[in-house]
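Being a predicted model, the structure only gives us computed values, none of them experimental. Every chain is numbered from 1 and lettered A, B, ... according to where its sequence line falls, protein lines coming before strand lines.
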Amino acid sequence: MLPMLGQLLKQMFTKPFTNLFPAKYAPKNVGKYLQDVQAGKATLISPVPVADPETFRGKIVYDREKCTGCKMCIKVCPSKAIEFKEEEKKIRIYIGRCIFCSQCNDACPVDALHMSEEFLLADTNKVADYLVVE
Amino acid sequence: MISKAFKRALWVFHVNSGSCNGCDIEVIAALTPRYDAERFGIKLVGNPRHADVIAFTGAVTSDMAEKVKRIYEQTPDPKVILVVGACGIGGGVFHESYHLEGPIERLIPDATCVYVPGCPPRPEAIIYGVVKAWQFLEGVEKK
């Protein structure tokens with residue numbers, strides 16, 4: 001009993017290991033809750049932080065101005081998630097198809113692509129506005 | 001009362017339709033004590049007839065195509081498909097492969113899908129997909 005007591009007391013005062021993402025309890029009205037989150041009235045309990053933000057591979061960010069339209073990213077993309085827009089000589093990236101390998105970032109000669117920390121992506125429409133990067 | 005409980009406690013039937021197992025691991029990770037989706041009543045069930053949500057992982061191979069359709073038809077309405085990973089959404093790295101029947105929407109065109117992109121997606125992203133499914137089912141209830 002006595003050796004156990006220390007462990008018992010320790011466990012009584014430590015926080016549970018569970019990350020309560022996205023909320024402690026399921027909200028009564030999920031649609032309204034998500035609207036509140038966007039308006040800043042409610043806050044989501046944040047996900048487990050990424051281990052190394054420098055090398056984390058999230059959603060692609062595309063710098064339209066820097067892009068020269070050399071098609072190097074299209075050549076290296078293993079899942080053909082990048083489409084070339086002929087008239088404008090720019091690219092369009094479908095995040096639904098992207099496998100977040102960041103090979104396009106390495107291939108890009110003008111540094112127009114990089115990976116962000118954003119990874120909470122889910123939608124009923126796979127070509128929703130924020131799932132297509134232009 | 002029953003409908004109230006329904007949109008909260010989603011029971012998920014998980015189908016591996018030709019996945020590499022990466023997404024399967026992440027689906028299981030979402031149920032571990034670290035994220036604990038079971039505190040909302042979301043759990044994996046072993047029978048599509050008990051399920052509200054079908055979680056498909058992987059591009060659909062020609063072997064699995066018939067089974068995917070059958071599993072979808074066995075699940076009672078209203079139902080939502082949770083497509084986990086880039087393969088089920090657009091084929092991912094397996095796109096244009098010779099034995100591929102997928103993506104999912106080509107097999108089941110009129111289904112409601114929640115797409116979770118990633119290769120594989122993080123467990124939080126999968127939970128976020130379930131939140132989107134909640135939101136959709138709320139909309140169905142209002143109608």
Side-chain angles (χ1 to χ4, degrees), chain A residues 16-35 37-38 44-51 56-60 77-83 93-103 115 117-128 130-133, chain B residues 4 7-10 22 29-30 32-42 59 80-96 103-105 111-139 142:
Chain A
F17 189 63
T18 307
N19 182 289
L20 297 172
F21 174 80
K24 191 170 183 185
Y25 303 107
K28 281 226 168 63
N29 186 334
V30 178
K32 193 173 163 291
Y33 180 70
L34 287 181
Q35 272 176 9
V37 168
Q38 272 184 348
L44 283 181
I45 292 173
S46 62
V48 175
V50 293
F56 182 77
R57 302 197 301 268
K59 184 184 166 186
I60 294 181
C77 184
S79 60
K80 300 268 192 302
I82 309 176
E83 190 182 70
I93 308 160
Y94 293 99
I95 300 297
R97 191 90 166 253
C98 174
I99 61 162
F100 301 86
C101 63
S102 97
Q103 284 186 49
M115 307 305 255
E117 275 179 58
E118 191 186 349
F119 60 87
L120 285 181
L121 311 157
D123 210 287
T124 47
N125 176 13
K126 64 178 171 183
V127 285
Y130 72 103
L131 292 182
V132 179
V133 178
Chain B
K4 205 173 174 184
K7 69 176 182 197
R8 302 255 153 263
L10 299 177
T32 54
R34 183 59 157 155
Y35 303 100
D36 203 15
E38 286 187 359
R39 72 185 195 273
F40 299 126
I42 297 162
V80 177
I81 293 182
L82 193 69
V83 182
V84 179
C87 296
I89 298 174
V93 284
F94 303 112
H95 68 103
E96 292 170 0
I104 302 276
E105 65 162 14
T112 307
C113 297
V114 177
Y115 299 100
V116 185
C119 186
R122 285 186 63 152
E124 292 99 329
I126 297 173
I127 295 170
Y128 189 66
V130 174
V131 172
K132 290 274 175 172
W134 265 344
Q135 200 183 2
F136 169 77
L137 288 168
E138 257 174 21
K142 266 175 204 159

Inset, instruction - Could you tell me which of B/P33, B/A37, B/G91, B/P121 has the largest number of non-hydrogen atom pairs under 4.5 Å with chain A? - result: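 Greatest number of close heavy-atom pairs with chain A: B/P33.
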Inset, instruction - Using a cut-off of under 4.5 Å on heavy-atom pairs, state which of B/T32, B/I126, B/V93, B/V131 scores highest against chain A. - result: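 The residue among B/T32, B/I126, B/V93, B/V131 with the greatest pair count is B/V93.
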Legend entry - A/K80 with B/E96: basic N within carboxylate O range, under 4.0 Å: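 Here A/K80 does not pair with B/E96 in a salt bridge, since their nearest N and O are not under 4.0 Å apart.
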Inset, instruction - Find the one option among A/G58, A/P16, A/S79, A/P78 whose heavy-atom pairs under 4.5 Å with chain B are most numerous. - result: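 Among the listed options, the one with the most contacts to chain B is A/S79.
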Legend entry - Interchain contact, A/F100 with chain B, by part (heavy-atom threshold 4.5 Å):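 Interface part for A/F100: side chain.
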Inset, instruction - Sort A/L131 into side chain, backbone, both or neither according to what part of it lies under 4.5 angstrom from a heavy atom of chain B. - result: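 Just the side chain, heavy atoms under 4.5 Å.
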Legend entry - Student check: side-chain heavy atoms of B/F40 and A/P22 closer than 4.5 Å: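 Of all side-chain heavy-atom pairs linking A/P22 with B/F40, at least one is under 4.5 Å.
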Legend entry - Test item: B/V116 and B/K132 side chains (from C-beta on) under 4.5 Å apart, heavy atoms: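 The answer is no; the side chains never approach within 4.5 Å.
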Legend entry - Distance in Å, A/I82 CD1 paired with A/C77 SG, rounded so as to fall on 0.5 Å steps: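 Interatomic distance, A/I82 CD1 to A/C77 SG, rounded to 0.5 Å: 4.5 Å.
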Legend entry - Proximal component of B/R122, with respect to chain A [non-hydrogen, under 4.5 Å]: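 Answer is side chain: those atoms of B/R122 sit under 4.5 Å from chain A.
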Legend entry - Check: A/Y130 main-chain N/O paired with A/K59 side-chain donor or acceptor under 3.5 Å: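 At least one qualifying donor-acceptor pair exists.
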